[in-house]
Amino acid sequence: MDDLHFASGAVVAVLTAQPLDGCLDYIAPEGGCATGDFVEVPLGPRRVLGVVWGPGESGLPREKLRRVGRMLDAAPMQAGLRAFLERAAEYTLTPLPMMLRLATRVPGLGSEQALRRVYRRGVAEPDRMTDARARVLDALEGWDGAPVTQAELAAAAGASGSVIKGLVAQGVLEAVDLPRDPPYPRLDPARPGHPLSADQGVAASSLRAAVASGAYGTTLLQGVTGSGKTEVYLEAVAECLARGRQALVLLPEIALTAEFLTRVEARFGARPAEWHSGVTMAERRRAFAMIGQGQAQLVVGARSALFLPYRELGLIVVDEEHDTSYKQEEGVFYNARDMAVLRASLERCRVVLASATPSLESWVNAQSGKYDRCVLTARHGTAALPRMAAIDMRGEDLPGQSWISPSLRRAVAARLEAGEQALLFLNRRGYAPVTLCRACGHQVGCADCDARMVEHRFLKRLMCHQCGASRPMPEACPACGAEGRMAAVGPGVERLAEEAAAAFPDARLAVLSSDLFGTTRELKAQIEAIAEGAADIIIGTQLVAKGHNFPLLTLVGVIDADLGLQGSDLRAAERTFQLMRQVAGRAGRADRPGEALLQTFQPEHPVIRAILTGAEDAFWNAEADERRALGMPPFGRMAGIILSGPDVQAVFDLGNALARNADPLQRIGAEVWGPAPAPIARIRGRHRVRLLVRAPRAAPLQAALARWIAPLKLRGGLRLAVDIDPQSFL
DNA sequence: CCTCGTTCATAG
DNA sequence: TATGAACGAGGC
């Protein structure tokens with residue numbers, strides 16, 4: 001994408017962030033403009049933000065065009081980012097203006113750079129030295145030349161602002177106006193890092209070499225839990241910074257950034273820029289501006305950080321690359337891991353995908369040689385990998401309404417005796433997954449969707465885990481009216497906690513489930529307390545699998561290891577494998593290997609076997625083969641199903657039906673990303689809703705849709721189009 | 001006949 | 001998205 005300059009009066013296409021289909025043509029302003037310039041353009045009665053995108057393209061007669069309003073004070077959008085937005089829009093079947101919106105979501109873009117007044121020592125001497133004046137000058141001395149505002153200086157000196165004013169009037173102090181957003185402190189890549197093990201050293205130097213080559217490439221950094229992946233990729237970051245290019249580290253959860261920032265500070269001597277939904281408006285504005293000026297060397301952020309205007313990006317790290325939170329399923333649908341690869345390929349930049357349990361796509365790409373691969377086998381700082389074993393539930397004598405097998409119970413008791421911590425893992429929130437009436441057999445379902453309601457006893461409510469609806473726990477059956485006959489069926493973590501409390505009355509229990517904590521801060525505090533030994537038994541859902549360390553933990557018991565294997569979900573096996581390995585990896589400490597026990601009814605199931613033996617390659621091979629047999633390439637292409645019609649309700653009904661009842665699509669190997677909650681566009685009177693599908697070739701997808709949709713009766717002039725991405729960048 | 005609320009097309 | 005035009009219901 002070349003940068004073009006347009007003379008005043010030329011016709012240019014301007015991309016706005018308005019919900020249109022594409023660019024609009026305008027007349028270039030006095031003094032001309034260039035591609036990438038941020039401008040303000042008239043749109044109807046409004047003035048909106050836009051970016052000059054290229055030469056005019058509509059062919060409309062000149063007299064119908066309006067003139068670009070004014071140039072905005074922001075670094076022009078570079079060709080790399082513009083190309084990225086275009087390719088990403090194509091790939092995710094998103095209108096380009098919506099992509100621009102992702103890249104311009106920052107307050108005050110284009111408004112005058114605000115100033116702040118700071119003070120430094122002037123040439124004059126004070127006419128009289130008073131106590132307060134001396135304190136001010138002392139405080140200024142102690143500030144070491146860094147910019148200091150009046151309020152800061154007054155507070156440090158314990159004097160009022162008028163003392164400072166007085167000194168300024170005499171020329172003892174000098175006021176200077178600096179931009180409000182200060183650059184980020186320099187990171188020092190030359191500082192010595194953590195000492196690396198032999199394994200880590202090999203991986204680190206290969207990543208350093210890859211970054212140094214200054215070319216696009218992707219490396220899968222695969223390392224078991226505790227093998228020290230972070231130290232290794234921080235070496236790649238160091239290499240990138242040393243070469244004067246910017247680095248981006250993506251993390252799946254905001255909760256993990258605080259700890260990571262501390263590690264960066266320890267490694268490079270200062271804190272990097274941060275970008276995620278929890279960052280304040282002022283800090284966002286600063287980060288956006290500094291990244292655009294190349295004054296932020298390292299950015300740590302969530303997936304949206306991919307759309308920032310880096311000056312010279314040299315490295316993107318996607319940590320925990322298998323994590324499903326990288327999938328954005330609202331508004332613009334994308335997977336940040338894929339978009340990282342796309343952006344890097346357009347910026348001659350390196351990508352590092354780090355995970356203990358890579359996604360199938362990444363594994364296949366590494367296997368086929370498309371990605372390089374670095375493997376860390378040894379654990380760092382911990383004894384050894386946990387010992388894995390199955391508890392065959394067919395041979396366990398377990399009374400009804402209880403779920404902790406005698407074998408597991410003995411193992412937990414032994415750990416408690418030794419003063420160690422145990423984790424009971426059940427990936428099911430709430431008290432019981434099913435609530436039914438013993439009088440008529442009715443199962444309480446959700447009124448808004450087709451899922452069953454889950455009892456949450458702490459909250460005394462029924463909740464729908466699919467759509468979030470909730471209602472008070474009913475006394476009487478909603479179907480037959482029988483009083484007091486509602487029964488809980490099956491276990492959730494809350495019920496498991498009840499059982500554990502009865503079985504181990506002297507143990508201190510802690511339940512970790514995402515719905516039990518109001519704020520991330522409360523959750524963090526609880527996790528820290530547990531890590532320091534405030535609980536003997538932890539009972540948790542998949543929350544505990546996500547990157548938090550429990551150094552005292554030596555036993556993990558999985559209550560229902562088969563849970564994720566039911567259903568026709570294409571990724572069921574992959575997800576179960578990842579989850580089990582991640583949870584098991586929590587067990588073990590420096591002086592003592594851990595143990596993981598999986599309760600299962602099918603110990604011979606290939607997924608369970610793979611989890612137990614750690615035969616990952618064989619497992620991934622089998623998975624890849626299975627998808628090939630479905631006619632699906634190991635990683636699919638994106639396809640969009642676009643529903644369009646004048647009746648918005650009809651469009652949504654069908655969109656939801658497609659997303660929720662996606663079996664026919666899954667059977668042909670397509671992974672469906674649910675419909676956007678709002679129409680993506682309303683064009684020429686027709687609403688459009690789009691589902692995104694990672695799919696096999698177009699033909700089977702189209703055939704499956706036709707078979708499926710035909711009997712659904714398209715209400716209200718509904719139309720359906722299937723749009724298959726013509727190429728894949730991977 | 002006027003006012004209010006809602007729906008709908010439209011933007012260069 | 002945000003605006004204004006168009007329309008219909010209801011009040012005076």
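Any value given below was found using the heavy atoms of this structure, including those in side chains, with hydrogens, waters and symmetry copies removed. To find a chain, count down the sequence lines: A is the first, B the second, and so on, and within it residues start at 1.
Taking every heavy atom of residues 39-49 of chain A and every atom of DNA chain B, pairs under 4.0 Å involve P42(A), L43(A), G44(A), R46(A), by number. Contacts with DNA chain B (heavy atom under 4.0 Å) in residues 23-32 of chain A: L24(A), D25(A), Y26(A), listed by number.
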Check: protein-nucleotides 4-7 of chain B nitrogen or oxygen pairs below 3.5 Å:
none

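With sequence neighbours excluded, the residues forming a side-chain contact (heavy atoms from CB on, under 4.5 Å) with L261(A) are R271(A), P272(A), E274(A), V300(A), listed by chain and number. Residues that satisfy the side-chain contact (heavy atoms from CB on, under 4.5 Å) test with S470(A), not counting sequence neighbours, are R461(A), M463(A). With sequence neighbours left out, L109(A) forms a side-chain contact (heavy atoms from CB on, under 4.5 Å) with F38(A), L49(A), A74(A), T104(A), V106(A), F288(A).
As rounded to whole Å, 16 Å separates atom P of dA9(B) from atom CG of L20(A). The separation between R66(A) atom CZ and dG12(B) atom P is 5 Å, rounded to whole Å. One can place CG of D21(A) at 13 Å from P of dA11(B), the figure rounded to the nearest angstrom. One can place CZ of R105(A) at 14 Å from C1' of dT1(C), the figure rounded to the nearest angstrom.
A side-chain hydrogen bond (donor to acceptor under 3.5 Å, both in side chains) with S355(A) is found for exactly one of Q578(A), R337(A), H322(A), namely H322(A).
In summary, the aromatic rings of F307(A) and Y334(A) are positioned with their centroids under 6.0 Å apart.
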### Task
Let me see the working for E347(A) and R343(A) under salt bridge (Lys or Arg N to Asp or Glu O under 4.0 Å), right down to the final yes or no.
CA-CA 6 Å; E347(A) 307 258 8; R343(A) 178 134 203 209; 3.0 Å; yes
### Query
Does the pair E574(A) and S359(A) meet the rule for a side-chain hydrogen bond (donor to acceptor under 3.5 Å, both in side chains), with working shown?
CA-CA 8 Å; E574(A) 182 186 349; S359(A) 60; 5.0 Å; no
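Distance from the side chain of Q18(A) is smallest to dT1(C) among dT1(C), dA11(B), dG12(B).
Minimum heavy-atom separation, L306(A) to M339(A): CD1-CB, 3.6 Å.
L60(A) comes within 4.0 angstrom of a nucleotide base, judged by non-hydrogen atoms across all strands.
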